[in-house]
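Okay, so here's the structure we're looking at.
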Amino acid sequence: MPKHSFRLHGAAVIVGPSSNFAVTSMCQLLAMSSNKPAAVDFSFAGFAERGGRTGEHRDGWGIALHTATGCRLVTDYLPSIASPLAVQFRREAIKARSVVAHIRKATQGRASLENSHPFTRELWGQTWSFAHNGDLQLFDPNPSLYAPWGDTDSERAFCHLLSGLALRFEQAPPRHVLYATLATLAGEIAAHGSFNFILSNGDLLFAHCSTELHVVVREYPFSVAHLVDCELSIDFSRHNHLDDRIAVIATQPLTSNERWTRFIPGELKLFAGGEEVGAAPERRDKLLIAY
């Protein structure tokens, strides 16, 4: 098997400069939801440091980018700080409206390419990407419509989620119905342990917290941000337009001077176009016809 895979698929917390956030031993999640295609290279630069330098997550990494042409998936079983693919990804600065990324510290399943997150599957003609951190003890559901390729609890949970949706709906339901169904399924799985996860189809991005997850929304007025894990800063006002809006979700805050909001344990958040929309039905503008 090749070493690398490059596959193409159709309560607020202000982190101050002196804050010291220790990167824990569980896997690390990173996600982005944007109202326009945006690069995640700045956040990824700090995130990748946790894959062996500022954190002990050395059992692989991966990223799924939902672009206008489909879902682009890159996975590797090497640590992100030692991965040529990670270096290449940072240089390319691929733009996407939705991103799901993961660096792994194995709790179940060997360090291998098939066990590297994110995982992807097709449902309702859409490509869904999924990444998880935590540990689901004794979680071994009966085989259903989707089967795992590897041997992780994470992929079993992903397959169980998608099977649950596919069995309930022949086609994609309204997003508030989808939210309610995922909240139920996530709660059932979380009964087996910690279940922090990101799930996206490119338009919608779901983030579920069992133990720890944070979010920051970058919008006008943009400012300078400083990464926690390395000496790198960026002035977002020089790279964004006035109407840009980007939500970044991470296990732990990536920057030291932005307002990160911590999820409540058990909370499921839904983002669309860089905005948290939660369980609210999708708004449809009515067409006014003048006579």
Sequence neighbours excluded, which residues qualify as side chain to side chain donor-acceptor pair (under 3.5 Å) partners of S33?
none
Donor-acceptor pair, S237 side chain versus F222 backbone, under 3.5 Å?
no
Please list all pairs meeting side chain to side chain donor-acceptor pair (under 3.5 Å) that have one or both residues in residues 163-182, counting only residues at least two apart or in different chains.
none
Measure from the ring center of H117 to the ring center of F119 and say whether it is less than 6.0 Å.
yes
For E276, give me all partners under side chain to side chain donor-acceptor pair (under 3.5 Å), at least two apart in sequence or on another chain.
K269
Aromatic rings H208 and F197: how do their planes relate, parallel, tilted or perpendicular, breaks at 30° and 60°?
parallel
Non-neighbouring partners of A166 that pass side chain to side chain contact (heavy atoms under 4.5 Å, CB included), sequence neighbours left out
L123, L145, Y146
Partner set under side chain to side chain donor-acceptor pair (under 3.5 Å) for R121, not counting sequence neighbours:
E155
Does L270 share a hydrophobic cluster with F169, counting links as ILVMFWY side-chain heavy atoms below 4.5 Å and allowing steps through other members?
yes
Quick one: does N196's side chain have a donor or acceptor within less than 3.5 Å of a partner on T211's backbone?
yes
Within-4.5 Å side-chain heavy-atom neighbours: R156 and D140
yes
Is the F158 ring parallel, tilted or perpendicular to the F130 ring (thresholds 30°, 60°)?
parallel
One thing to verify: whether D229 and R53 come together as a salt bridge, which I'm taking to mean a side-chain N less than 4.0 angstrom from a carboxylate O.
no
Side chain to side chain donor-acceptor pair (under 3.5 Å) with N35: which residues, sequence neighbours excluded?
none
With rounding to the nearest 0.5 angstrom, report the CD to OG distance, E212 to S194.
11.5 Å
Is the closest side-chain heavy-atom distance between V248 and L30 below 4.5 Å?
yes
Pairwise side-chain contact, L73 with T127, heavy-atom cut-off 4.5 Å (strictly under):
no
Can the ring centroids of F42 and H239 be said to lie less than 6.0 angstrom from one another?
no
Would you compute the distance between atom CG of L85 and atom CG of L78 and round it to the nearest 0.5 angstrom?
8.5 Å
Minimum heavy-atom separation for G51 and I103, please, with both atom names.
N-CD1, 3.5 Å
